[in-house]
Amino acid sequence: MKHEDLLQRITINPNICFGKPCIKGRRIWVSLILDFLAGGMSVEDLMKEYDLEREDILACIAYGA
């Protein structure tokens, strides 16, 4: 999946989560996912815990980059 396609999975809406970048259709902050990854949580655990797709997590990483 291309970088631009991944970024389509991230939304910023001033009326949702105080305008923080979130995974599209969710109220899960990009920064939260990045914090969990930095803390050692695995992609698989995040997928299970938050019912996410691998591309959602890759989108968070791409946004952070």
Side-chain angles (χ1 to χ4, degrees):
M1 188 171 255
K2 294 183 350 183
H3 190 266
E4 296 83 24
D5 295 333
L6 287 172
L7 292 181
Q8 294 296 316
R9 300 177 85 92
I10 304 297
T11 61
I12 300 172
N13 182 332
N15 298 318
I16 298 175
C17 295
F18 309 105
K20 292 186 177 193
C22 295
I23 297 172
K24 191 173 192 172
R26 310 286 188 112
R27 291 179 181 257
I28 302 172
W29 302 345
V30 169
S31 61
L32 179 69
I33 298 301
L34 294 176
D35 284 345
F36 282 137
L37 288 169
M41 196 169 191
S42 72
V43 171
E44 289 76 19
D45 288 342
L46 281 168
M47 290 169 55
K48 289 178 196 173
E49 183 74 26
Y50 291 97
D51 191 31
L52 298 172
E53 297 178 19
R54 182 173 302 279
E55 288 78 12
D56 293 327
I57 297 167
L58 293 176
C60 291
I61 295 168
Y63 185 87

So which atom in [X] and which in [Y] form the shortest heavy-atom distance, rounded to 0.1 Å?
| X | Y | value |
| --- | --- | --- |
| Leu6 | Ala59 | O-CB, 3.2 Å |
| Met41 | Glu49 | CE-CB, 4.2 Å |
| Arg27 | Cys17 | CB-SG, 3.8 Å |
| Glu44 | Arg54 | OE2-NH2, 3.2 Å |
| Pro21 | Ile10 | CB-CG2, 4.0 Å |

Quick one: are [X] and [Y] in side-chain contact, heavy atoms under 4.5 Å?
| X | Y | result |
| --- | --- | --- |
| Tyr50 | Ile23 | no |
| Asp56 | Ile33 | no |
| Asp5 | Glu55 | no |
| Thr11 | Ile16 | no |

## Note on the structure
Rounded to the nearest 0.5 angstrom, the CD1-CG distance for Ile61 and Leu37 is 5.0 Å
### Query
Atom CG in Leu52, atom SG in Cys60: separation rounded to 0.5 Å?
7.5 Å
### Message
For Arg9 and Leu58: C-alpha separation, side-chain torsions, deciding distance, then whether side-chain contact (heavy atoms from CB on, under 4.5 Å) applies.
### Response
CA-CA 10 Å; Arg9 300 177 85 92; Leu58 293 176; over 6 Å; no
